[in-house]
Structure formats: structure tokens, C-alpha cells
Amino acid sequence: MKKNLILIIFCFMFVFSGCSKADNNVNVNAPDKISTVDEAKIKQNFSASEKSNNVNGMRYNINLEQFSQKYNEMLKEMGNIDMINGRGWKKKGGIKTDSNGVKIQYYYYDDDKINFTATVETETDKIMNIGLGTTMSNFVSIKDDRNYSDIVLMKSGVMAASACGYAIDQVNILQDIFYRTTFENTSEIWYEGNVFCLSTSEDKGNSERSTMLFRVFPISDELKGKWKIIEYENYIASLPADNVINK
């Protein structure tokens, strides 16, 4: 189903914070199947993340090359051939130190209208967070008679499944989470140990070049309590029935 929705623009930062807002009308397909409360209780491979001394208290238990392999395998199963090269990641800047003293390296990957970003612990070579970004003009464009936003949301779901340890039949729910961070009154949702969020950067000189970044990262239970991010199951349960089940 298609909805005319308002995209809330938040200023993009690598660490998320509130900023100024602007409105853009876009027309985007909802996922093929909107989650019910019961369907939100899918099973995750919890060994996909592990404790860390980094600022989030957790990290994913894979490196960029392993992530790329999982991402490609899942896309292939879905009949999509837009593969990425596990060795095609490039460093962005030098080694940084987070507020807990853990050394990190930023990476990016350019992939035809879509850019991936990642933060990696230099000592373990494991992923701290990973994101998929595009420009606003690309997001609202049409490709092969299909809204490009649908492609971005689908690939964001595959990205999250690959990092978080979900199976291919669970991509749709993860896509739904990103969909809701984009078109509903929340930019951050917690789900089974992971934060799903949308960050944007507004280009005041050319709004079409404004950027969007869908990110996912694991956090400790302690941070979950401090940040008070809305939980996906609670969010779904609070919605009207016609916004939960796709009729």
C-alpha cells in the first residue's frame, strides 16, 4: 500500500542528537507485510553481538568482510544481484578514540546511489555500528517503475539482518522498523538489543543533496535503560489496528 507521508528531517551526526526539523512530502510503499505484535517476537542469533568496552557496551561479532559475505548471500537468496565487495571498504580519516578510550576506525563503501558506513574497533576488527545512506533526491526517485525508497528500505533491512544475526524470512520486520523511523513520530527504535535509527543531514543550499543514514548497532542493557528508547513491540502494540496489519 502507498501512503503520502511526511519525512521528518533530523540533523545527521555520527553520534545521534536532536536538531532542527523540516518537512518533505514523499510517496513510499510500506513493506509488503506490516508486523503484528506476535510477529514482532522473532528469534535472533544472540551470539551475533557481544560485550565490549566501547561507548555502547556492545559490538557485532563479525568484521566487514564477513558482514559483506552475509549481506551478499541474503541479497542473492532474494533474487537481487547488487553485491558488494568485502574488500572494497575504504577508511575514512584516521584512528579515533571513543569516550571510553576504545580505538575505532570509520569506514565507507560507495555502491551506486547507496553508501555504506561502519565504525570498527581497531583492536578486534569487529563492527561497532553499520549504516546505509543515500541522498534525499535518490530516496524519492523512481527506478524501473519502482520507488527507490523501497529499494533503500529493503537493503537497510538486509544490512540489519546480516549484522544482527537474523534469517532472510525476518528481513521484512527489520525493514518495517526502518520504515517507521522514517515516516512516523520516532527516529530511534530499540529491538532485541539493537538500536535502529535514522539520521539525516540537511543541505540548506540544495535540499536534494540532503542525506539520510539508516543505522543499526547493539547497546548494553544499562544504556537501554538510560536512553529510554521506545521498544518496537511496545510501539507496535500502541498503534491503531489499521496501522499494524496490512489489509
Side-chain angles (χ1 to χ4, degrees), residues 3-31 34-35 40 55-58 114-119 128-140 147-161 163-164 171-204 207-220 223-240 243-244:
K3 298 180 181 179
N4 289 319
L5 301 153
I6 295 177
L7 175 63
I8 301 176
I9 304 299
F10 292 88
C11 287
F12 163 72
M13 294 181 66
F14 236 100
V15 211
F16 47 130
S17 63
C19 215
S20 60
K21 299 180 181 179
D23 292 338
N24 287 316
N25 290 326
V26 294
N27 189 28
V28 174
N29 285 340
I34 304 300
S35 302
V55 68
N56 292 334
M58 300 290 291
I114 289 176
N115 298 314
F116 291 88
T117 67
T119 305
M128 183 174 166
N129 67 61
I130 194 154
L132 184 152
T134 189
T135 63
M136 191 67 65
S137 59
N138 288 335
F139 191 72
V140 300
N147 289 344
Y148 199 72
S149 55
D150 300 337
I151 298 173
V152 172
L153 288 168
M154 179 273 291
K155 289 188 174 182
S156 296
V158 173
M159 170 195 73
C164 301
V171 167
N172 201 77
I173 290 178
L174 307 183
Q175 176 183 334
D176 181 54
I177 297 175
F178 279 126
Y179 176 83
R180 294 182 186 280
T181 65
T182 311
F183 299 110
E184 297 182 9
N185 192 28
T186 179
S187 62
E188 301 159 4
I189 293 177
W190 182 94
Y191 185 62
E192 293 193 344
N194 300 281
V195 175
F196 294 74
C197 66
L198 167 67
S199 302
T200 69
S201 177
E202 184 179 6
D203 187 330
K204 294 183 179 179
S207 61
E208 291 188 350
R209 291 205 309 246
S210 296
T211 57
M212 310 172 62
L213 180 67
F214 296 95
R215 278 194 306 145
V216 62
F217 53 93
I219 61 171
S220 66
L223 278 185
K224 175 181 178 289
K226 286 183 179 180
W227 290 355
K228 298 180 180 178
I229 300 174
I230 188 168
E231 295 184 21
Y232 182 56
E233 289 183 38
N234 293 341
Y235 185 77
I236 292 295
S238 70
L239 296 175
N243 198 11
V244 175

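Bear in mind that the values here come from a model prediction, so they are computed numbers and not experimental data.
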Just so I know, are the side chains of [X] and [Y] near enough to count as touching, which here means a heavy-atom distance under 4.5 Å?
X	Y	result
I229	K224	no
T186	Y235	yes
T211	M136	no
D176	Y232	yes
N129	V216	no
T181	E188	no
N194	W190	no

If you take all heavy atoms of [X] and [Y], which pair is closest and at what distance?
X	Y	result
S156	L132	OG-CD2, 3.7 Å
E231	I189	C-CG2, 4.4 Å
V195	I219	CG2-CD1, 3.6 Å
A163	I130	CB-CG2, 4.1 Å
G131	M159	C-SD, 3.4 Å
T117	L213	OG1-CD1, 3.7 Å

Report task. Say whether, by atom type as modelled, one donor and one acceptor occur between the side chain of S187 and the main chain of C197 under 3.5 angstrom. Result ->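 No; judged by distance alone, with no hydrogens or angles, the pair does not exist.
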Query raised in the report: For the side chain of D150 and the backbone of Y148, is there at least one donor-acceptor N/O pair under 3.5 Å apart?
Result: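 Answer holds: no.
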Requested in this report: With side chain to side chain contact (heavy atoms under 4.5 Å, CB included) as the test, would you mind laying out the steps for M212 and T182 before giving the verdict?
Outcome: CA-CA 10 Å; M212 310 172 62; T182 311; 4.2 Å; yes
**Report entry** ring-ring contact (aromatic ring centres under 6.0 Å, His included) against F178, all qualifying residues, sequence neighbours excluded
**Finding:**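 Residues passing ring-ring contact (aromatic ring centres under 6.0 Å, His included) with F178: F196, F214.
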Kindly compute the distance separating [atom1] ([X]) from [atom2] ([Y]), expressed to the nearest 0.5 Å.
X	Y	atom1	atom2	answer
R209	T135	CZ	OG1	10.0 Å
I177	L198	CD1	CG	13.5 Å
I230	S238	CD1	OG	5.5 Å

Query raised in the report: Taking only residues two or more places apart in sequence, or in another chain, which ones meet K226 in a salt bridge (Lys or Arg N to Asp or Glu O under 4.0 Å)?
Result: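 Salt bridge (Lys or Arg N to Asp or Glu O under 4.0 Å) list for K226, sorted by chain: E222.
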Report task. Decide whether E233 and Y191 meet the rule of one side-chain donor and one side-chain acceptor closer than 3.5 Å. Result ->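 The criterion, which ignores hydrogens and geometry beyond distance, is not satisfied for Y191 and E233.
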Requested in this report: Quick one: do M154 and L174 satisfy side chain to side chain contact (heavy atoms under 4.5 Å, CB included)? Show the steps, please.
Outcome: CA-CA 9 Å; M154 179 273 291; L174 307 183; over 6 Å; no
